[in-house]
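Position 1 is the first residue of the sequence, and the numbers go up from there. Side chains are part of it too, since the values below use all heavy atoms of this structure and drop only hydrogens, waters and symmetry mates.
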Amino acid sequence: MRKEKTDMSKRLWSFLVLVVWVLAACVQPIQPTIKIGINAPLTGDIPKVGEGTKFAAELWLEEIGGAITVGGQEYQVELVIEDNESKGESAAAVNTKLITQDEVLVIVGPQASKQAVPAGGVANDLETPMISPWSTNPNTTLNRPWVFRTPFLDPFQGPVVANFVTEEFGFTKAGVLYDIASDYPKGLAEFFKSAWEELHGEGSVVSFESFTTGDTDFSAQLTKIAEAGAEFIFAPQYYNEVPLIVQQAHELGFTGPIVGSDSWGSAELVNLCGEDCYGAFFSTHYAAEGATGATKEFIDKYNAKYGYVPDDVAALTWDSLNIVKTAIEDCGQITGDIKADRKCVRDAMANLKQFPGITGNMTFTEDGDPIKCAVIVRISEEGKFTFYKQICP
C-alpha cells in the first residue's frame with residue numbers, strides 16, 4: 001500500500017513538472033513595439049496615391065522582417081495606417097489621432113500638399129517628426145523643424161519645366177491651366193509663370209487660366225488659351241484631372257504639347273487618359289523604365305507582389321520609410337519616453353548626409369528639404385513612363 005502511494009506521488013510530481021514546462025514553452029517574451037503612422041489618401045479624389053502608399057509601406061515592413069534593431073534590442077514595427085480622405089482637415093485630424101491616441105514615434109505622409117500643409121502644422125505643434133513623401137509645396141516644411149520631405153520643391157520644379165520646354169521646343173508663348181483651390185497646382189503654376197517670364201519677358205504667359213476642384217468642363221479656359229496663341233499648355237494637375245484636360249484640349253483642336261508635373265506620375269494616368277497622353281512630357285522624381293540597381297529591385301518586388309509598376313509615390317514612400325528606419329537606428333536607444341524618443345528621431349533625420357534613396361541621394365537643408373535632381377519623363381507610344389533626361393540644381 002505504501003509503495004503504491006509512493007508511485008502515485010512520483011507520477012503526480014512528473015505530471016506537474018510537465019505542465020509547468022509546457023506552459024513555460026508557450027509563454028513568449030513580449031517584444032517591445034515601435035509604432036509608425038501612415039497618413040494616406042485611401043479614399044477621395046486620389047485613391048491610387050493612397051494605394052501606392054499603403055502597398056509600398058506594407059512591402060517595406062515585409063522587407064525588414066517586421067522589426068528594427070536599436071542598440072542591440074529588437075523592436076517589432078507596427079504600421080498604423082489611417083485614411084485622410086484626400087482632405088486637408090481630415091489629414092490634420094489623422095495626425096492628431098496618430099500622435100495623441102496611437103502614440104506613434106514618427107509619421108510618414110500625407111502625400112499631396114493639400115493635405116501635407118495642414119497636417120504638417122499639427123505634427124510641428126505637437127513636436128512629432130513627420131516626413132511627406134510627395135508634397136512639393138514650400139509651406140509644408142516652412143518654419144517647421146519637425147517636418148521633412150523626400151521630393152524636390154516647386155520653386156525648383158517650376159523653373160525645371162520652363163527651361164525644359166524652352167530648350168526642347170524653342171517656344172516663347174505659354175498657356176497655364178490650374179486648380180486655384182488647391183495648394184499644389186496653384187503654387188506650382190505661379191512658380192512656373194515667374195520662371196517662364198524671367199526667360200521670355202513679361203506677358204509671355206499669354207493665358208493663365210484657373211478652375212476649382214471638382215470642375216469637369218474646361219472648354220472655356222482651353223478656348224481662351226488657344227485664342228491667346230499659346231504654343232503649349234502647362235497643366236500641373238493630379239493624375240485624375242489630367243485626362244479630361246488633355247482630351248478636351250484635343251477635341252477643341254489644340255495641337256501643341258501639354259506638359260505636366262510630378263502629380264502626373266500615377267500608374268493610373270495612362271489607364272484613364274489612353275492615347276491622348278502618349279508623347280506627353282512631365283517632370284517627376286524617378287522613371288521606372290530603364291531603372292537599375294536598388295531602384296530596379298524595388299520595382300521588381302512591387303510589380304511581382306501587386307501586379308503593376310510602382311509610381312513615384314510608392315518609390316518616395318519607400319525612401320521615406322528607410323529614412324525613418326535609419327534615423328531610429330541612429331538614435332542608439334529607445335528610452336520609452338515618447339517625447340524624448342521623438343526628439344531623437346527628429347534630430348537624427350536632420351543630420352542624415354547623402355542618404356542613398358532609390359529616387360536619389362538626399363541631404364536635408366535646415367528647412368527639412370532635400371536637394372536632389374528632377375527627371376523628365378516622356379510617355380511612350382506604348383503608354384510607358386520612359387526616362388528622357390535628368391535636370392539637377
S.K.: Determine the interplanar angle of the Phe156 and Phe152 rings, folded into 0 to 90°, and report it as parallel if under 30°, tilted if 30 to 60°, perpendicular if over 60°.
M.R.: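 Taking Phe152 first and then Phe156, their aromatic rings stand perpendicular (interplane angle over 60°).
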S.K.: Is it the case that atom CD1 in Ile371 sees more than 12 heavy atoms from other parts of the structure closer than 6.0 Å?
M.R.: no
S.K.: So, do Pro310 and Tyr286 sit near enough that their side-chain heavy atoms are less than 4.5 Å apart?
M.R.: yes
S.K.: Looking at Asp337, I'd like to know if its CG atom is crowded, meaning that more than 12 non-hydrogen atoms belonging to other residues, nucleotides or ligands lie closer than 6.0 Å.
M.R.: yes
S.K.: Side chains of Pro129 and Met349, heavy atoms from C-beta outward: is any pair under 4.5 Å?
M.R.: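 Yes - at least one pair of side-chain heavy atoms lies under 4.5 Å apart.
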S.K.: Can you tell me if Thr365 uses its side chain to pair, donor with acceptor, with the backbone of Asp369 under 3.5 Å?
M.R.: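 Pair found, side chain donor or acceptor close to backbone of Asp369.
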S.K.: If we count only N and O atoms by modelled type, under 3.5 Å, do the side chains of Thr141 and Asp367 hold a donor and an acceptor together?
M.R.: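 No pair is found: no donor N or O on one side chain lies under 3.5 Å from an acceptor on the other.
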S.K.: Could you point out which residue of Ile131, Val106, Val108 forms a side chain to side chain contact (heavy atoms under 4.5 Å, CB included) with Ile323?
M.R.: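 For Ile323, the side chain to side chain contact (heavy atoms under 4.5 Å, CB included) check succeeds only for Ile131.
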S.K.: How about Leu42 and Ile81: do any of their side-chain heavy atoms sit closer than 4.5 Å?
M.R.: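 Side chain of Leu42 against side chain of Ile81, heavy atoms only: contact under 4.5 Å found.
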S.K.: Hey, does the Lys NZ or Arg CZ of Lys48 hover above the aromatic six-ring of Tyr308, less than 6.0 Å from the centre and inside 45° of the axis?
M.R.: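 Flagged: Lys48 positioned over aromatic ring of Tyr308.
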S.K.: So if you build clusters from Ile, Leu, Val, Met, Phe, Trp, Tyr with side-chain heavy-atom gaps below 4.5 Å, do Phe387 and Ile379 land together?
M.R.: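 Yes; tracing contacts between hydrophobic side chains, which count when under 4.5 Å, links both residues.
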S.K.: Is it the case that Ser90 and Asn84 place a side-chain donor and acceptor less than 3.5 Å from each other?
M.R.: no
S.K.: Calculate, to the nearest 0.5 Å, the distance between atoms NZ and OG1 belonging to Lys87 and Thr43 respectively.
M.R.: 8.0 Å
S.K.: Can you see which heavy atom on Ala91 is nearest to which on Ala119, and at what distance?
M.R.: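 Residues Ala91 and Ala119, closest heavy atoms: O-CB, 3.8 Å.
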S.K.: Under a single-linkage definition using a 4.5 Å side-chain heavy-atom cutoff for Ile, Leu, Val, Met, Phe, Trp and Tyr, are Phe254 and Val176 assigned to the same hydrophobic cluster?
M.R.: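 Yes, one cluster joins them.
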S.K.: For the residue pair Glu209 / Ser207, report whether a side-chain donor-acceptor contact shorter than 3.5 Å exists.
M.R.: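 Per modelled atom types, Ser207 and Glu209 side chains form a pair under 3.5 Å.
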S.K.: The test is side chain to side chain contact (heavy atoms under 4.5 Å, CB included); show your working for Leu153 and Gln157 and say whether it passes.
M.R.: CA-CA 6 Å; Leu153 272 70; Gln157 183 171 202; over 6 Å; no
S.K.: If you compare all heavy atoms of Ala340 against all heavy atoms of Thr335, which two are closest, and at what distance to 0.1 Å?
M.R.: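 Heavy atoms of Ala340 and Thr335 come nearest at CB-OG1, 4.3 Å.
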S.K.: Do other residues, nucleotides or ligands put more than 12 heavy atoms under 6.0 Å from Gln76 CD?
M.R.: yes
S.K.: Which distance, rounded to the nearest 0.5 Å, do you find between the CE of Met362 and the NZ of Lys353?
M.R.: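 Met362 atom CE to Lys353 atom NZ measures 14.5 Å (nearest 0.5 Å).
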S.K.: So Ile328 and Val70, side chain to side chain contact (heavy atoms under 4.5 Å, CB included) or not? Walk me through it.
M.R.: CA-CA 7 Å; Ile328 293 172; Val70 188; 3.7 Å; yes
S.K.: Quick check on side chain to side chain contact (heavy atoms under 4.5 Å, CB included): which of Val77, Ile36, Leu321 does Leu61 satisfy it with?
M.R.: Val77
S.K.: For the residue pair Lys193 and Phe208, would you count it as a cation-pi contact if the rule is NZ or CZ under 6.0 angstrom from the ring centre and within 45 degrees of the ring axis?
M.R.: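 Ring-cation test returns yes.
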S.K.: Rounded to the nearest 0.5 Å, how far does NZ of Lys389 lie from CZ of Phe281?
M.R.: 9.5 Å
S.K.: Same cluster or not: Leu142 versus Val117, using hydrophobic residues (I, L, V, M, F, W, Y) connected whenever any side-chain heavy atoms lie under 4.5 Å apart?
M.R.: no
S.K.: Might you confirm whether atom CD of Glu275 has over 12 heavy atoms from other residues, nucleotides or ligands at distances under 6.0 Å?
M.R.: no
S.K.: Heavy atoms, side chains only, cut-off 4.5 Å: are Glu82 and Asn39 in contact?
M.R.: no
S.K.: Within this structure, what is the CD-CG distance for the pair Gln354 and Asn361, rounded to the nearest 0.5 Å?
M.R.: 5.0 Å
S.K.: Return the CD1 to OH distance between Ile68 and Tyr75, rounded to the nearest 0.5 Å.
M.R.: 11.0 Å
S.K.: Asp154 and Thr136: side-chain donor and acceptor closer than 3.5 Å?
M.R.: yes
S.K.: Report yes if some heavy atom in the side chain of Glu63 is under 4.5 Å from a heavy atom in the side chain of Lys301; otherwise report no.
M.R.: yes
S.K.: For the side chain of Asp330 and the backbone of Ala348, is there at least one donor-acceptor N/O pair under 3.5 Å apart?
M.R.: no
S.K.: Donor-acceptor check, side chain of Asn240 to backbone of Ile46, threshold 3.5 angstrom: yes or no?
M.R.: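 Such a contact is absent between Asn240 side chain and Ile46 backbone.
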S.K.: Would you say that Cys331 contacts Val345 through its side chain, given a criterion of any heavy-atom pair below 4.5 Å between the two side chains?
M.R.: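 Contact flag for Cys331/Val345 side chains = yes.
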S.K.: Quick check: are there more than 12 heavy atoms from other residues, nucleotides or ligands sitting under 6.0 Å from NZ of Lys372?
M.R.: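 More than 12 heavy atoms, drawn from other residues, nucleotides or ligands, come within 6.0 Å of this atom.
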S.K.: Check Gln247 against Asp276 and note the closest heavy-atom contact, atom names and distance.
M.R.: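 Result for this residue pair: CG-OD2, 3.3 Å.
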S.K.: Please work out which of the three classes, parallel, tilted or perpendicular, describes the rings of Phe282 and Phe385, given edges at 30° and 60°.
M.R.: perpendicular
S.K.: Taking the side chain as every heavy atom from C-beta outward, state whether Glu382 and Tyr278 have any pair of such atoms under 4.5 Å apart.
M.R.: no
S.K.: Please determine whether the number of non-hydrogen atoms from other residues, nucleotides or ligands lying under 6.0 Å from atom NZ of Lys224 exceeds 12.
M.R.: no
S.K.: Give the minimum heavy-atom separation between Arg149 and Ser135, together with the two atoms involved.
M.R.: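 So the two residues come closest at NH1-O, 2.7 Å.
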S.K.: Examine Tyr302 and Val377 and state if one hydrophobic cluster contains both, with Ile, Leu, Val, Met, Phe, Trp and Tyr joined whenever side-chain heavy atoms are less than 4.5 Å apart.
M.R.: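 Different hydrophobic clusters.
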S.K.: Indicate yes or no for a side-chain donor-acceptor contact from Glu231 to the backbone of Thr172 under 3.5 Å, with no hydrogens or angles considered.
M.R.: yes
S.K.: Taking atom CD of Glu381 as the centre, report whether more than 12 heavy atoms of other residues, nucleotides or ligands fall under 6.0 Å from it.
M.R.: yes
S.K.: Ring-plane angle category for Tyr184 and Trp134, please: parallel below 30°, perpendicular beyond 60°, tilted otherwise.
M.R.: parallel
S.K.: Can a donor-acceptor pair be found between the side chains of Thr150 and Ser320 at a distance below 3.5 Å?
M.R.: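 Looking only at side-chain atoms, Ser320 and Thr150 do form a donor-acceptor pair, the distance falling under 3.5 Å.
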S.K.: Could you pull out all residues at least two apart from His250 that satisfy ring pair (Phe, Tyr, Trp, His ring centres under 6.0 Å)?
M.R.: none
S.K.: Starting from the C-alpha separation in whole Å, work towards a yes-or-no answer on side chain to side chain contact (heavy atoms under 4.5 Å, CB included) for Leu59 and Trp318.
M.R.: CA-CA 9 Å; Leu59 184 63; Trp318 182 269; 3.8 Å; yes
S.K.: For side chain to side chain contact (heavy atoms under 4.5 Å, CB included), just list the numbers for Thr326 and Leu352, CA-CA rounded to whole Å, side-chain angles, deciding distance to a tenth of an Å, and then say yes or no.
M.R.: CA-CA 9 Å; Thr326 301; Leu352 286 176; 3.7 Å; yes
S.K.: Main chain of Asp217, side chain of Asp215: is a donor-acceptor contact present, judged purely on distance under 3.5 Å?
M.R.: no
S.K.: Could you report the tightest heavy-atom contact between Gln248 and Thr216, atom names first, then the distance?
M.R.: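 Where Gln248 meets Thr216 most closely, the heavy atoms are NE2-O, 2.8 Å.
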S.K.: For a quick test of reading the model, state the closest non-hydrogen atom pair linking Val161 to Ser283 and the distance between them.
M.R.: CG2-OG, 3.6 Å
S.K.: Answer with yes or no whether the hydrophobic clustering places Val206 together with Ile225; edges join I, L, V, M, F, W, Y residues whose side-chain heavy atoms lie under 4.5 Å apart.
M.R.: no
S.K.: Does one side chain, of Thr284 or Asp312, offer a donor that lies under 3.5 Å from an acceptor on the other?
M.R.: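 Yes - a donor-acceptor pair under 3.5 Å links their side chains.
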S.K.: Got a second to check how far Phe171's CZ is from His200's NE2, nearest 0.5 Å?
M.R.: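 Interatomic distance, Phe171 CZ to His200 NE2, rounded to 0.5 Å: 10.5 Å.
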S.K.: So, Ser261 and Gln237: side-chain donor and acceptor under 3.5 Å apart, yes or no?
M.R.: no
S.K.: Against Trp196, only a single residue in Phe232, Phe234, Phe191 fulfils ring pair (Phe, Tyr, Trp, His ring centres under 6.0 Å); can you say which?
M.R.: Phe232
S.K.: State, with a plain yes or no, whether a side-chain heavy atom of Leu105 is found less than 4.5 Å away from one of Arg342.
M.R.: yes
